[in-house]
Amino acid sequence: MSLMDKALEARAKAYAPYSEFKVGSAIRSSSGKIYVGCNVENASYPEGTCAEAGAIAAMVAAGDREIAEVAVVAGGAEPVSPCGGCRQRLAEFAKGDVPVHMGTLDGAAITRTMAELLPGAFEARHMDS
Ligand code: THU
């Protein structure tokens, strides 16, 4: 099963009764394991969590720290684009050359690298004195 198919599977479990915009994400770590997440909303709208955040949390909780590949899928007409916050979350564990596949339900997809999605990312080194 492809990484995008894993993301699609996760999307089916999304809890998005407020936006009705279901998102699924799958991350392959450098160890080869795959972690998935879906968006989980709640009545206090800003407190909901994105699909990518869920997949990252699953990866870190399992002891992995390095992202090798990412897939995100949602139901829009255009391939879903990770939000700004999730770009920063992904960049914490993904080097600039990591591919991020963004898909639609009808199978269209585009791929961009992390560096393309978040050029000039704020990194830990910026806090060095
Ligand atoms: N969403 C994600 O899960 N990932 C993104 O990168 C974009 C937005 C979710 C958050 C919210 O539950 C819904 O999509 C609408 O914004």
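Both ligands and their constituent atoms are indexed starting at 1 by order of listing. Residue numbers count from 1 along this sequence.
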For ligand 1, the residues whose heavy atoms come within less than 4.0 Å (ordered by chain, then number): S19, F21, V23, N39, E41, C50, A51, E52, S81, P82, C83
Geometric class of the H126/F122 ring pair [parallel <30°, tilted 30-60°, perpendicular >60°]: parallel
Test item: E69 side-chain N/O and L3 main-chain N/O as donor-acceptor pair under 3.5 Å: no
Name of the residue among E92, M59, K95 meeting side chain to side chain contact (heavy atoms under 4.5 Å, CB included) with I67: M59
pair K33-D64: side-chain heavy atoms closer than 4.5 Å: yes
Min side-chain heavy-atom separation K13-V36 under 4.5 Å: no
For D106, side-chain hydrogen bond (donor to acceptor under 3.5 Å, both in side chains) partners two or more places apart: T104
